[in-house]
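Read through the structure below, which is laid out as structure tokens, and then see the notes.
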Amino acid sequence: MHVPLLDLGAQYRSIREELTPALQSVLESTAFAGGPFVAAFEREFAAYCGCEQALGVSSGTSALWLALVGLGVGAGDEVITTPNTFIATAEAISFCGATPVFVDVDPQTCTMDPDLLEPAITPQTKAIIPVHLYGQPADMDPILAVARRHGLLVIEDACQAHGAEYKGRKAGSLGDAGCFSFYPGKNLGAYGEAGAVITNDAELAQKIRMLRDHGQSEKYKHAMIGWNDRMDGLQGAVLSVKLKHLDEWNDARRERAGFYDELLEDLPHIVLPREAPYARHIYHIFAVRVPHRDKLLATLNAQGIGCGIHYPVPIHLQKAYEFLGYRRGSFPVAEKSAQEVLSLPMYPEMTIGQLETVSEALTSLLHARESAAPMPAHTP
Ligand SMILES: Cc1ncc(COP(=O)(O)O)c(C=O)c1O
């Protein structure tokens with residue numbers, strides 16, 4: 001049985017009847033760029049996240065960039081984040097003229113290790129961007145405490161964490177701003193590119209509203225230099241339909257993560273993702289850790305099981321960021337995880353049969369490996 005890494009078609013078929021009239025309303029009203037469908041989604045998403053404001057924008061990358069610029073981060077500033085993220089986190093910092101500074105991650109959760117923050121702070125440090133990787137929030141209380149002590153801004157990269165919770169509060173709602181991507185494969189995915197910033201800061205919200213729309217204060221009056229980062233109306237309508245299903249889809253992912261845990265628990269040499277005691281993990285990605293990952297990945301893919309790697313090369317080892325002067329060994333935990341992480345198929349519509357197919361394939365490959373060459377106990 002072929003099992004894809006994710007199946008957007010299955011999700012579309014389950015909501016087709018709701019989507020068709022919603023898309024038709026946008027087409028009939030011709031509200032294609034910004035407009036009432038985006039505004040409605042903004043109200044709904046702000047309420048869902050427990051935040052006062054949500055600003056629909058053109059992507060998660062733009063959301064991060066707009067939050068940084070809106071909060072006054074710019075040339076000469078340093079922004080602390082983690083190296084095992086999608087490159088957009090660092091790009092947004094670079095594109096507002098600031099410099100990314102990396103700290104290593106916690107070996108259990110692969111999110112920012114709060115104990116490493118203070119030594120990374122310099123007089124130039126302006127902000128911290130924790131990344132809620134794979135759908136699990138970073139440990140926000142100690143991060144926020146360090147930020148408060150040093151007068152730093154906190155911008156959450158919640159691009160993988162729609163509906164995830166930290167001690168009962170929604171990811172993205174804890175810092176000065178939270179940034180989301182609605183890239184199609186996300187737990188809340190658009191049918192194209194889209195993103196959002198959420199915040200309780202009315203001044204920041206107003207600034208982002210202008211920045212995303214060429215700095216306009218009113219039509220053809222440009223109070224500042226902005227950019228075109230508006231969300232389009234079709235995406236607003238799609239996201240409003242899909243937001244109603246987000247909790248049920250996240251619950252389904254959590255249930256499937258539970259099945260994986262049961263099926264894979266006793267396998268040799270595998271580390272399963274663990275929900276931190278403070279978190280409600282929404283399993284955007286179900287990333288296990290295995291030695292000899294690349295070989296395992298190639299075999300699973302050849303068997304029709306769509307696995308992936310998030311992410312194979314940490315940012316500090318990417319050519320684009322060579323100039324920062326980091327090298328191999330700078331962030332040992334992130335580097336080790338980049339060599340071992342393997343994302344298994346995960347989506348709300350996955351059947352028990354598909355979960356069993358993936359688990360059986362992994363079981364036979366890991367057992368075969370174990371009998372050929374028993375490996376020392378694996379440490380995270
Ligand atoms: C952690 C993280 N940050 C930022 C982004 C960028 O979002 P987008 O692709 O919508 O620009 C993504 C998207 O994959 C992401 O996973």
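Whatever order the structure lists them in is the order used to number ligands and atoms, beginning at 1.
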Inset, instruction - Considering only Ile, Leu, Val, Met, Phe, Trp and Tyr, and joining two whenever side-chain heavy atoms are under 4.5 Å apart, list the other residues clustered with Val313. - result: Leu317
Legend entry - Backbone N/O of Ala338 and side chain of Arg293: donor-acceptor pair under 3.5 Å: yes
Inset, instruction - May I have the step-by-step check of side chain to side chain contact (heavy atoms under 4.5 Å, CB included) for Leu204 and Asp176, ending in yes or no? - result: CA-CA 9 Å; Leu204 172 65; Asp176 295 282; 5.6 Å; no
Inset, instruction - Salt-bridge test for Arg149 and Glu118: reply yes if a basic N is under 4.0 Å from a carboxylate O, no otherwise. - result: yes
Can you list every pair where an N/O of ligand 1 is under 3.5 Å from an N/O on the protein?
from: ligand 1; atom 1: 3 (N); to: Asp157; atom 2: OD1; distance (Å): 3.3
from: ligand 1; atom 1: 3 (N); to: Asp157; atom 2: OD2; distance (Å): 2.8
from: ligand 1; atom 1: 7 (O); to: Ser181; atom 2: OG; distance (Å): 3.4
from: ligand 1; atom 1: 10 (O); to: Gly60; atom 2: N; distance (Å): 2.8
from: ligand 1; atom 1: 10 (O); to: Ser181; atom 2: OG; distance (Å): 2.7
from: ligand 1; atom 1: 11 (O); to: Gly60; atom 2: N; distance (Å): 3.3
from: ligand 1; atom 1: 11 (O); to: Thr61; atom 2: N; distance (Å): 2.9
from: ligand 1; atom 1: 11 (O); to: Thr61; atom 2: OG1; distance (Å): 2.5
from: ligand 1; atom 1: 14 (O); to: Lys186; atom 2: NZ; distance (Å): 2.8
from: ligand 1; atom 1: 16 (O); to: Gln160; atom 2: NE2; distance (Å): 2.9
from: ligand 1; atom 1: 16 (O); to: Lys186; atom 2: NZ; distance (Å): 3.0

Inset, instruction - Check whether the side chains of His310 and Ser343 place a donor and an acceptor atom closer than 3.5 Å, and report yes or no. - result: yes
Legend entry - Nearest-0.5 Å distance that lies between atom CG in Leu152 and atom CD1 in Ile143: 12.0 Å
